[in-house]
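Note that ligands are numbered from 1 as they come in the structure, with each ligand's atoms numbered from 1 the same way. Atom set for the values below is all heavy atoms of this structure, side chains included, hydrogens, waters and symmetry mates excluded. Along the sequence shown, residues carry numbers from 1.
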Amino acid sequence: MENRARTTVLIVDEDPVFGIVAIDTLQLAGFNAVAAGESQSVMAAFEQHAPDLVLIEVEKPGSPGFDLCAQIRAHPAGLDVPIVMVTGNYDTESIGRAYRMGATDFVNKPILWAMLPHRLEFLHRSHKNVRALQASDLRNRELLRALPDTIFVVDSHGIVLERLAGEAGAGEGQVGKSFEEVLPADVARKARQAMQAQDGAGVQSYEFSIGSGNAQRAFEARLCPRPDGAFLVVMRDSTERRRAEARIQYLAYYDTLTGLPNRQLVGRELRRAIRIAERTGHKIALLYLDLDRFKRINDNLGHAVGDSLLQDVARRLESSIRPTDYVAQAGPEPGTGDTRIARVGGDEFVVLLTGLTEDSQAAAIATRVRQALAEPFSCGGHRFVVTPSIGIALFPRDGTEMEDLMVKADMAMYQAKDQGRNGHAFYGESMNVRSLDRMELESDLRRAFEANDFTLCYQPKMDLSSGTIVGVEALLRWHHASRGWIPPGSFIALAEETGMIVPLGEWVVHEACKQLKIWAGQGLGYLTIAVNVSPQQFAREDFVDSVLRATRQFGIKPQQLEIEITESVLMRNVGETTAALNRLRAAGVTLSIDDFGTGYSSLGYLKQFPVDTLKIDRSFVKDLHVSSDDAAICAAIIAMARELRLKVIAEGVEVVEQVDFLRKHGCDQIQGFLVSKPVTVENLEDLLRLGTGGQEVTQAVPVGEYAA
Ligand code: C2E
Ligand code: MG
Ligand code: MG
């Protein structure tokens, strides 16, 4: 009843008495009954009151009320408003006409006034229900249209009854077809099984794909039983989601630069391989590979060249390892060993070898990897040789856990570097002692500097024409309280990374100048001392000043001091480097390029810099008497140096044949174990007093106790 007050009934009459009684009756019953006023047209009243119901009284079949009914229906707001016609008793003609004109219902005269309000209320309520239903139906239709799914209903025999949703075209014409004609065979089979199962109550899901290659599309299908025994089949295209998942998976487990598995994936594979090897009794080898001096390439030639080189290295590694190298493929579980090469860091790779029977197989593969990389690479218009240092850890010999093997292979890799790079080293127990973690070494390094635990060793340089020792190179030594002597190869890089190299390098220059002063007082004033300078030191604005200050402090001739820099220093900042070198040169300090030949400076490039000496890198000298390539490189460097009026010195000379070759080609000086290892200052003085200087070198000289 409360609703009635909000239900407006518009009354249109031909008989004014009817109108009066109707309004009274309906208002009394709680409706908001209104009549079209005399001065107002019916349509104007309709627009003004926006009634929920219209009651039209007609006297006879020809009454104007029928036209009004039609007019209201034709009005946009009157499309579905219920219209009740009040017609004469048993006037069937009027009733028929009323319906044709769009009436909703009719009431016969004479009116049972007590019933009228109820009749209208029912009509109003059912009309509201219909509208609500229509609205929800519309919503459902829109929803179905918006759904990305294809939905159809199948009966209990698997025949498609109705298609409820789906993109136009997709699955059209399926009605009347059987399951088997609509779904892929295996999905249809599973769906049929599910339909036949007694407990067909739950919703079942399936995944399947259609097509192949790039055109393959993935689907998810759901089978929902309906109470009437039919099933609702919902199919969704999950191709995009699957692709996104695959991409995420890829990013989590693969290195995007090289496409190789990453550390996570190779770690997982290693764990799996360990579980299998525990059953089969096979061995596993983990090769940890680091590219020697890769940082220089990145620093000097830019990351683009570095990246492209890493990609090439990855391809070479892949092609150097044959599938048969992992015997796991012949192992009990298919697919094991798929992940054999991974990139685990900037220039670090891991090779996982499973199913080995002998430890030596790992060494053979390490050698093969090195051979594969030996051929020069061409990247970004540059050609270079890249060598690896490879550490090897073995399961079960060195460890039975993934993490342990990784750490040990890494430690062995550092050992391979210490042993002169471009080689491999197996993990050994002794390395454990050296496996000081970085933090420890770093704090040790700081403490050592404060505690004065560093010393300089001196390695003589011999002039080849006179056979006399003309100078020495100062080489840093760290005497560690518990580890003994630590060679610079083990701490210079760390000192460079942490910035410690700056005070340490300054100390070296200071010590060298102090030593020169002492020697001057002992009649050894003809000796020169060469000190090694790191790029980090050289990059500092105050570097030149600090060197010159030291020479002044000890009153030594700057000519006695030589600075050894590597090619990477030259390639950094040409303008500033040249200015700094010029200042040193002007003061009398000599400059030499250390490890020459391992960088990328060309002849033309060198001409720009005021340098005095080239030091041929030990790697070329090492085999020059047995390798024609190395001999050619050494001969070329010497010829080039003479052309540029530079002095040449060969480092790492160990045998007389090397001396013969170098002398023949006009090399000025040599340095190496053949003359002497780096020795303490006392041993050096003994050496000089013994008169080795001045004699022809025909045999190795006894070495000092602190030799590297
Ligand atoms: P470098 O300047 O090229 O020094 C030559 C290295 O070769 C020395 O190693 C020396 O012991 C070794 N060597 C010399 N002759 C022979 C030989 O006939 N055969 C073999 N197998 N090796 C030979 P060391 O002393 O371990 O120094 C390694 C590197 O550490 C040096 O290479 C240098 O780059 C760096 N270094 C040493 N002292 C300092 C320093 O005071 N400051 C800086 N920044 N670097 C230093
Ligand atoms: Mg040097
Ligand atoms: Mg060198």
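When distances from the Mg ion (ligand 2) to the N, O or S atoms of D594 are compared, OD2 comes out shortest. Residue-level check: among N/O/S atoms of E564, OE1 sits closest to the Mg ion (ligand 2). Residue-level check: among N/O/S atoms of E473, OE2 sits closest to the Mg ion (ligand 2).
When non-hydrogen atoms are compared, ligand 1 lies under 4.0 Å from neither the backbone nor the side chain of K615. Contacts between Q671 and ligand 1, counted as non-hydrogen atom pairs separated by less than 4.0 Å, are absent for every part of the residue. Using a 4.0 Å cut-off between heavy atoms, D595 contacts ligand 1 through its side chain alone, with no backbone atom that close. Heavy atoms from both the backbone and the side chain of N532 come within less than 4.0 Å of ligand 1.
Atoms of ligand 1 lying under 4.0 Å from at least one heavy atom of E651, given by number and element, are 3 (O). The atoms of ligand 1 that sit less than 4.0 Å from any heavy atom of I492 are 43 (C), 45 (N), 46 (C). Atom numbering of ligand 1 starts at 1 in the shown order; those under 4.0 Å from a heavy atom of S534 are 44 (N). The contact set between ligand 1 and V508, taken as ligand atoms under 4.0 Å from a residue heavy atom, comprises 41 (O). Taking a cut-off of under 4.0 Å to the non-hydrogen atoms of E654, the atoms of ligand 1 that pass are 17 (C), 18 (O), 19 (N), 20 (C), 21 (N). Taking a cut-off of under 4.0 Å to the non-hydrogen atoms of G672, the atoms of ligand 1 that pass are 15 (N), 18 (O).
The closest approach between a heavy atom of R618 and any atom of ligand 1 is below 4.0 Å. Residue P678 places a heavy atom less than 4.0 Å from ligand 1. A heavy-atom separation below 4.0 Å is found between R477 and ligand 1. Not close to ligand 1: G489, with no non-hydrogen atom less than 4.0 angstrom away. Using a 4.0 Å heavy-atom cutoff, E473 is listed among the residues neighbouring ligand 1.
For the residue pair Q560/W519, the side-chain donor-acceptor check at 3.5 Å is not satisfied.
Within the 2.8 Å limit, E651 places no N, O or S atom next to the Mg ion (ligand 2). Residue D595 does not count as close to the Mg ion (ligand 2), with no N, O or S atom under 2.8 Å.
A salt bridge is defined here as a Lys NZ or Arg NE, NH1 or NH2 lying under 4.0 Å from an Asp or Glu carboxylate O, and K514 with E511 meets this definition. Classification of D290 and K417 as a salt-bridged pair holds, one side-chain N sitting under 4.0 Å from a carboxylate O. Salt-bridge formation is detected for the pair E562/K461: a Lys NZ or Arg NE/NH1/NH2 atom is positioned less than 4.0 Å from an Asp or Glu carboxylate oxygen. The existence of a salt bridge linking K615 and E564 is confirmed by a sub-4.0 Å separation between a basic side-chain nitrogen and an acidic carboxylate oxygen. The pair D545-R549 does not count as a salt bridge, with every side-chain nitrogen at least 4.0 angstrom from each carboxylate oxygen. A salt bridge links D612 with R585: the closest approach of a Lys/Arg side-chain nitrogen to an acidic carboxylate oxygen falls below 4.0 angstrom. Comment: K408 engages D404 in a salt bridge, judged by a side-chain N to carboxylate O separation of less than 4.0 angstrom.
Contact of the L260 side chain with the R315 side chain is registered, since non-hydrogen atoms from C-beta on lie closer than 4.5 Å.
K677 forms a cation-pi arrangement with F673, by the criterion of a distance under 6.0 Å to the ring centre and an angle within 45° of the ring axis. Figure legend: R583 and F543 shown without cation-pi pairing, the cationic atom not lying both under 6.0 angstrom from the six-membered ring centre and within 45 degrees of its axis.
At a 3.5 angstrom cut-off on N or O pairs, F673 counts as close to ligand 1.
Residues forming a salt bridge (Lys or Arg N to Asp or Glu O under 4.0 Å) with K517 (at least two apart in sequence, or on another chain): none. Here T258 pairs with D255 under the side chain to side chain donor-acceptor pair (under 3.5 Å) rule; sequence neighbours left out.
When the heavy-atom distances from atom 10 (C) of ligand 1 to L475, D594, I486, L504 are ranked, the shortest goes to L475.
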